[in-house]
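One structure below.
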There are 2 protein chains.
Amino acid sequence: MVGHRRDADLPDDAVARLREAGLRPTRQRRRLADLLFRQGDRHVTAELLHQEADESGFHVSLATVYNTLHQFTAAGLLRQVVVDSSRKYFDTNTGPHQHFYDEAEGRLTDIAGDDITVSGLPAPPAGMAVASVDVVVRLRPAR
Amino acid sequence: MVGHRRDADLPDDAVARLREAGLRPTRQRRRLADLLFRQGDRHVTAELLHQEADESGFHVSLATVYNTLHQFTAAGLLRQVVVDSSRKYFDTNTGPHQHFYDEAEGRLTDIAGDDITVSGLPAPPAGMAVASVDVVVRLRPAR
DNA sequence: ATTTGTGCAAATCGTTTGCATCTGA
DNA sequence: TCAGATGCAAACGATTTGCACAAAT
């Protein structure tokens, strides 16, 4: 039984993805999911995604963008990346990998997880285990 | 020519350090410098340093703590560490090294720069140069 | 005397939350 | 129907800033 198709121009990849993640495929989630997942790996801030939605003629409240990003993250569709102590970035690539960060532009780029290796890690302090090893290569304009 | 000694109990390491850095050794800078540099490598947030000053009976405004941390950073006495997207950490160790970060406690620990090695770094995008390679090993309680 | 720093309170920025209203199954 | 989602505006926490006052050279 197929429901009414409200956004006939959008494919249902998003819907399937959302359902699998246990999230109700609401209109705003579908649209945001489309923006996020239809163009390869992306790195967005809430502000950026909100603006992008807006420009594509889809109006969502910023609060909903935040909520959605968090829900997607909790559902494992996104991952947070810490590269800036004042903005939160969300990454559509949830696999193991690292990042280039262009501070001036606020732009993130992936470094494939199998390119880079960190060796010589000391043992973590007693009672602690390693949760993750995050590498950020900060970039500046070449001289 | 030696000036009047106002805080007879404090050594003048701080004063020398400040002068070398081109900063006027004001009372608050001396006290904050003492808190920062007299006990080996430290990692503080403005809030933490402010509170510490307060507890040691020295009252400074939070704004001054922020200003001072920034001035010290600009002068090369401190370095900022990005490990959390909502707090700013300042590190008294300005040399090359990396960090353990205990997210639950908000505590940073140094990893000596010569322990750890990052290899397999891809070349930075055209027109960009590597400014720094930052490694953060996130810790969680061992189960 | 002049320059530089400090403190306070108000302003800002990104993010989060409470709650009335709306929507999807 | 009705649990769950959305939007708005207000609340928030960390940080920054403007400006009158105070301290350092």
Side-chain angles (χ1 to χ4, degrees), chain A residues 1-7 10 12 14-16 18-33 43-51 53-54 58-75 77-78 80-90 106, chain B residues 1-7 12 14-16 18-33 44-51 53-54 58-75 77-78 80-90 106:
Chain A
M1 178 63 96
V2 179
H4 295 279
R5 182 69 82 84
R6 299 277 174 70
D7 297 280
L10 295 176
D12 284 49
V15 173
L18 290 172
R19 280 204 211 289
E20 274 162 35
L23 294 168
R24 260 156 73 165
T26 66
R27 194 146 72 89
Q28 14 290 79
R29 284 183 186 154
R30 264 181 284 150
R31 300 296 292 256
L32 294 177
H43 304 87
V44 302
T45 59
E47 200 75 50
L48 181 72
L49 184 58
H50 181 244
Q51 179 182 317
D54 226 66
F58 178 61
H59 296 273
V60 217
S61 77
L62 184 53
T64 296
V65 172
Y66 273 107
N67 288 338
T68 302
L69 286 172
H70 290 146
Q71 293 152 353
F72 284 10
T73 302
L77 299 176
L78 293 177
Q80 276 202 235
V81 186
V82 179
V83 285
D84 184 304
S85 29
S86 61
R87 296 152 107 73
K88 298 194 174 173
Y89 282 83
F90 294 83
Chain B
M1 176 65 92
V2 180
H4 295 279
R5 181 70 82 86
R6 300 277 175 70
D7 298 278
D12 283 49
V15 173
L18 289 172
R19 281 207 211 288
E20 274 162 36
L23 293 169
R24 262 152 74 159
T26 66
R27 195 148 69 89
Q28 15 288 80
R29 284 183 185 152
R30 265 181 283 149
R31 300 297 291 257
L32 294 177
V44 301
T45 60
E47 199 75 50
L48 181 72
L49 183 59
H50 180 243
Q51 178 182 319
D54 226 67
F58 177 61
H59 296 272
V60 216
S61 76
L62 184 52
T64 295
V65 173
Y66 273 106
N67 288 338
T68 302
L69 287 172
H70 290 146
Q71 293 153 352
F72 284 12
T73 302
L77 299 175
L78 293 177
Q80 274 203 237
V81 186
V82 179
V83 285
D84 184 305
S85 27
S86 61
R87 297 151 109 74
K88 297 194 176 173
Y89 282 83
F90 295 83

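Every chain is numbered from 1 and lettered A, B, ... according to where its sequence line falls, protein lines coming before strand lines. Only heavy atoms go into these numbers, but all of them, side chains included; no hydrogens, no water, no symmetry mates.
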Where DNA chain C forms runs of at least three Watson-Crick or G-U pairs (i with j, i+1 with j-1, under 3.5 Å), the stems are C:1-10 with D:16-25, C:12-14 with D:12-14, C:16-25 with D:1-10
Test of understanding: with side chain to side chain donor-acceptor pair (under 3.5 Å), list the residues that count as partners of [X], not counting sequence neighbours.
X        : result
Ser86(B) : Asp84(B)
His70(B) : none
Asp54(A) : His59(A)

Notebook entry, point to check: If you check every side-chain atom of Thr26(A), which of dT3(C), dT6(C), dT6(D) has the closest atom?
Noted result: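 It is dT6(D).
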ask   = Of the candidate nucleotides dT15(D), dA24(D), dT6(D), which contains the atom at the shortest distance from the side chain of Leu62(B)?
value =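 The nucleotide sitting nearest to the side chain is dT15(D).
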So does Val60(A) get a backbone contact from the side chain of Thr64(A), meaning a donor-acceptor N/O pair under 3.5 Å?
no
| Thr73(B) side chain to Leu69(B) main-chain N or O, any donor-acceptor pair under 3.5 Å? |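 Here the side-chain-to-backbone pair exists.
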Please produce a list of atom pairs where a protein N or O lies less than 3.5 Å from an N or O of nucleotides 11-14 of chain D.
unit_1	atom_1	unit_2	atom_2	d
dA14(D)	O3'	Ser86(B)	O	3.3

Atom-pair distance ([atom1] on [X]; [atom2] on [N]), nearest Å:
X        : N       : atom1 : atom2 : answer
Gln71(A) : dT16(C) : CD    : P     : 12 Å
Leu32(A) : dG7(D)  : CG    : C1'   : 14 Å
Tyr89(A) : dT15(C) : OH    : C1'   : 15 Å
Arg31(A) : dG24(C) : CZ    : P     : 13 Å
Leu69(B) : dT6(C)  : CG    : C1'   : 15 Å
Leu18(A) : dG4(D)  : CG    : P     : 17 Å
His50(A) : dG7(D)  : NE2   : C1'   : 10 Å
Leu23(A) : dT23(C) : CG    : C1'   : 16 Å

Nearest heavy-atom approach of Leu18(A) to Pro25(A) is CD1-CA, 3.7 Å
Here the pair of heavy atoms bringing Val65(B) nearest to Ala46(B) is CG1-O, 3.6 Å
Kindly write out the residues that satisfy side chain to side chain contact (heavy atoms under 4.5 Å, CB included) with [X], not counting sequence neighbours, or none if the list is empty.
X        : value
Thr26(A) : Arg24(A), Gln28(A), Arg29(A)
Ala63(A) : Ser61(A)
Val82(A) : Val82(B), Ser85(B), Arg138(B)
Ala21(A) : Leu23(A), Ala75(A), Leu77(A)

Exercise. Listed by chain and number, what are the ring pair (Phe, Tyr, Trp, His ring centres under 6.0 Å) partners of His50(A), not counting sequence neighbours?
Worked result: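 For His50(A), no residue satisfies ring pair (Phe, Tyr, Trp, His ring centres under 6.0 Å) once neighbours in sequence are set aside.
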Distances under 3.5 Å between nitrogen or oxygen atoms of protein and nucleotides 7-11 of chain C:
unit_1	atom_1	unit_2	atom_2	d
dG7(C)	OP1	Gln28(B)	NE2	3.2
dG7(C)	OP2	Ser61(B)	N	3.4
dG7(C)	OP2	Thr64(B)	OG1	2.5

OP1 or OP2 of [N] under 4.0 Å from side-chain N/O of [X]:
X        : N       : result
His70(B) : dT15(D) : no
Arg24(A) : dA25(C) : no
Arg27(B) : dT6(C)  : no

The residue, Arg19(B) or Thr45(B), whose nearest nucleotide of DNA chain D is more 5′ is Thr45(B)
